[in-house]
2 protein chains.
Amino acid sequence: MPAPRTVNHDCPIRDVLDRVGDAWSVLVIAELDKAPCRFNALRRVIDGVSQRMLAVTLRQLERDGLVTRRVTDGRPPQVTYALTPRGVSLHAALAPLADWAARHQQAIRESRAAFEAAQAAAA
Amino acid sequence: MPAPRTVNHDCPIRDVLDRVGDAWSVLVIAELDKAPCRFNALRRVIDGVSQRMLAVTLRQLERDGLVTRRVTDGRPPQVTYALTPRGVSLHAALAPLADWAARHQQAIRESRAAFEAAQAAAA
DNA sequence: CGGTATCCGCGCCGATACTG
DNA sequence: CAGTATCGGCGCGGATACCG
């Protein structure tokens with residue numbers, strides 16, 4: 001297949017944004033940064049994520065070497081996920097963005113309200 | 001209404017990631033950070049973006065107070081987009097992530113290849 | 001030149017059912 | 001407990017046509 005998907009540029013940041021832009025990946029990383037966690041525990045704490053999306057997200061993160069999947073057979077079977085050093089470093093690289101978001105959140109909301117008010121006035 | 005939905009958390013970073021996760025927003029911001037730019041010039045340099053998506057993206061960024069839209073009537077009419085200080089600060093907050101992406105890109109590709117090789121071996 | 005309006009396909013994701 | 005398989009809707013975005 002020639003064109004799998006939006007080519008954009010081979011700009012390296014796009015690979016990362018495809019992951020980071022996903023709603024769940026960041027939440028999973030943030031949670032695992034606190035402590036390793038099991039599947040259903042993760043599911044409960046993330047709240048809103050479906051079983052399928054959590055599985056898919058974890059598989060992607062594992063694939064990229066950002067989390068590890070450790071299986072402990074027994075009754076009941078246990079699977080523990082944890083961040084790799086690479087995953088930790090990504091979480092760290094995300095911090096400035098999170099900071100920015102927290103600092104500008106209010107101003108952005110006001111901008112949006114103002115913009116919509118202007119739109120309404122134009123109509 | 002108990003839980004409207006797609007709430008995740010009111011975590012402020014989600015608002016930002018909805019924008020940043022969008023394929024085009026970051027490219028537009030990066031381009032406008034170099035210099036203000038007109039619509040079609042932006043279209044040419046971004047390469048791959050449809051007219052519709054560029055318009056939508058710019059509207060969102062304007063709405064959030066990240067870019068300004070300046071119209072100069074004449075023949076032909078001109079519309080110039082530029083980053084606001086807030087937009088510049090977002091671009092700066094993105095830098096560590098871009099750095100991280102550049103530094104880990106190669107390792108991630110290798111992880112993916114290894115993962116897929118393991119998958120193939122399991123089959 | 002710089003858009004908006006409309007249509008429509010396809011890909012993502014939630015729901016459901018089943019397995020080791 | 002920790003998943004995979006399958007289906008179906010719906011929303012995102014490309015293509016196209018048209019306007020100031």
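Just so we're on the same page: letters track the sequence lines, and every chain starts at 1.
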Original post:
Tell me: CG of B:L54 to C1' of C:dG3, nearest whole Å?
Top reply: 10 Å
Original post:
In whole angstrom, what separates B:R69's CZ from C:dG2's P?
Top reply: 10 Å
Original post:
Taking atom P of D:dC12 as reference, at what distance in whole Å does atom CG of B:D18 sit?
Top reply: 11 Å
Subject >> B:S89 and A:R103, any side-chain heavy atoms less than 4.5 Å apart >> reply: no
Subject >> Rounded interatomic separation in angstrom, taking CD from A:Q60 and P from D:dG3 >> reply: 15 Å
Original post:
Heavy atoms under 4.0 Å, any strand shown: does B:R38 hit a base, just sugar-phosphate, or nothing?
Top reply: sugar-phosphate
Original post:
So, the side chain of A:T80 versus the backbone of A:C37: is there a donor-acceptor pair under 3.5 Å, distance only?
Top reply: no
Original post:
Picking from D:dT4, D:dC1, D:dG13, which would you name as closest to the side chain of B:D22?
Top reply: D:dG13
**OP:** Rounded off to whole Å, could you give me the CZ-to-P distance for the B:R44 and C:dG2 pair?
**Re:** 8 Å
**OP:** Mind calculating the distance between CZ (B:R19) and C1' (D:dC12) to the nearest angstrom?
**Re:** 14 Å
Original post:
What are the two closest heavy atoms between B:D73 and B:V71, and how far apart are they?
Top reply: OD1-CG1, 3.6 Å
Original post:
How many Å lie between CG on A:L58 and P on D:dT4, as a whole number?
Top reply: 10 Å
Original post:
Got a donor-acceptor contact below 3.5 angstrom from the B:R86 side chain to the B:D64 backbone?
Top reply: yes
Original post:
Which whole-number value in Å describes the distance from A:I46 CD1 to D:dA2 C1'?
Top reply: 16 Å
Subject >> Residues A:R19 and A:D15 bridged, charged N to O under 4.0 Å >> reply: no
Subject >> Least distance between heavy atoms, A:A101 atom then B:V16 atom >> reply: CB-CG2, 3.2 Å
Subject >> Any donor-acceptor N/O pair, A:R69 side chain to A:V79 backbone, under 3.5 Å >> reply: no
Original post:
Does the side chain of B:R43 get closer than 4.0 angstrom to OP1 or OP2 of C:dC1 through an N or O atom?
Top reply: no
**OP:** Output the single nucleotide from D:dA2, D:dG3, C:dG2 whose closest atom is nearest the side chain of A:Y81.
**Re:** D:dG3
Subject >> Under 4.0 Å protein heavy-atom contact, by nucleotide of nucleotides 14-19 of chain C - B base, S sugar-phosphate only >> reply: BB-B--
